[in-house]
Amino acid sequence: MSELDNLYREVILDHYKNPRGHGVIEGADVEAEGMNPLCGDEVSIFVSFDGDKIEDVKFRGRGCAISQAATSMLMEMVKGRTAQEVAALDREELLEEVGIPLTPIRLKCALLGLGVLKLALHKGKGTPLPNEWAGLAEDLELR
Ligand code: FES
């Protein structure tokens with residue numbers, strides 16, 4: 001394993017152990033949840049808006065280190081951005097943050113939070129669920 005991979009792994013573990021934006025927003029404007037049916041892991045995301053801007057965003061969930069760490073990273077990436085910008089966020093942007101190569105199963109873990117967030121934005125602001133998500137949405141149970 002390269003030194004860089006090790007570094008990414010440490011960052012992932014740090015996010016897993018000390019998740020950023022972890023918790024619930026009481027009176028959130030919108031909330032969405034999703035589950036990875038392969039393993040039963042779940043993520044719920046709460047968003048409050050200031051106009052179209054994501055004023056605050058939090059999550060709670062249970063699952064593997066990758067799913068929870070990637071969602072934690074996502075919270076930091078999207079706060080203060082507009083719903084439209086985040087709805088159009090390329091999943092590669094998040095995967096670059098995660099940094100390590102992922103198997104297809106792990107990819108679903110890493111993208112669980114992003115799918116749930118985009119679903120919340122869709123519910124709250126009517127933003128589209130992007131095409132790139134279409135194939136995965138069947139595998140991830142979003143509600
Ligand atoms: Fe369940 Fe990763 S093993 S989301």
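These figures come from a predicted structure and were not determined experimentally. Numbers here simply count residues along the sequence, with the first being 1. As the structure lists them, so they are numbered: ligands from 1, and atoms in each ligand from 1.
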Self-check item: Residues in side chain to side chain contact (heavy atoms under 4.5 Å, CB included) contact with S48, at least two apart in sequence or another chain
Solution: I25, D29, E55, D56

Self-check item: side chain to side chain contact (heavy atoms under 4.5 Å, CB included) partners of L13, counting only residues at least two apart
Solution: Y16

Exercise. Report yes if some heavy atom in the side chain of T127 is under 4.5 Å from a heavy atom in the side chain of V86; otherwise report no.
Key: no

Quiz item: Transitively linked via ILVMFWY side-chain contacts under 4.5 Å: I45 with V98?
Solution: yes

Quiz item: Heavy atoms under 4.0 Å from ligand 1: which residues qualify?
Solution: N36, C39, D41, C64, S67, R106, C109

Exercise. Test E92 against every option in L95, L89, L94 by the side chain to side chain contact (heavy atoms under 4.5 Å, CB included) rule and name the one that passes.
Key: L95

Exercise. Could I get the full list of side chain to side chain contact (heavy atoms under 4.5 Å, CB included) partners for A120, not counting sequence neighbours?
Key: V30, A32, V47

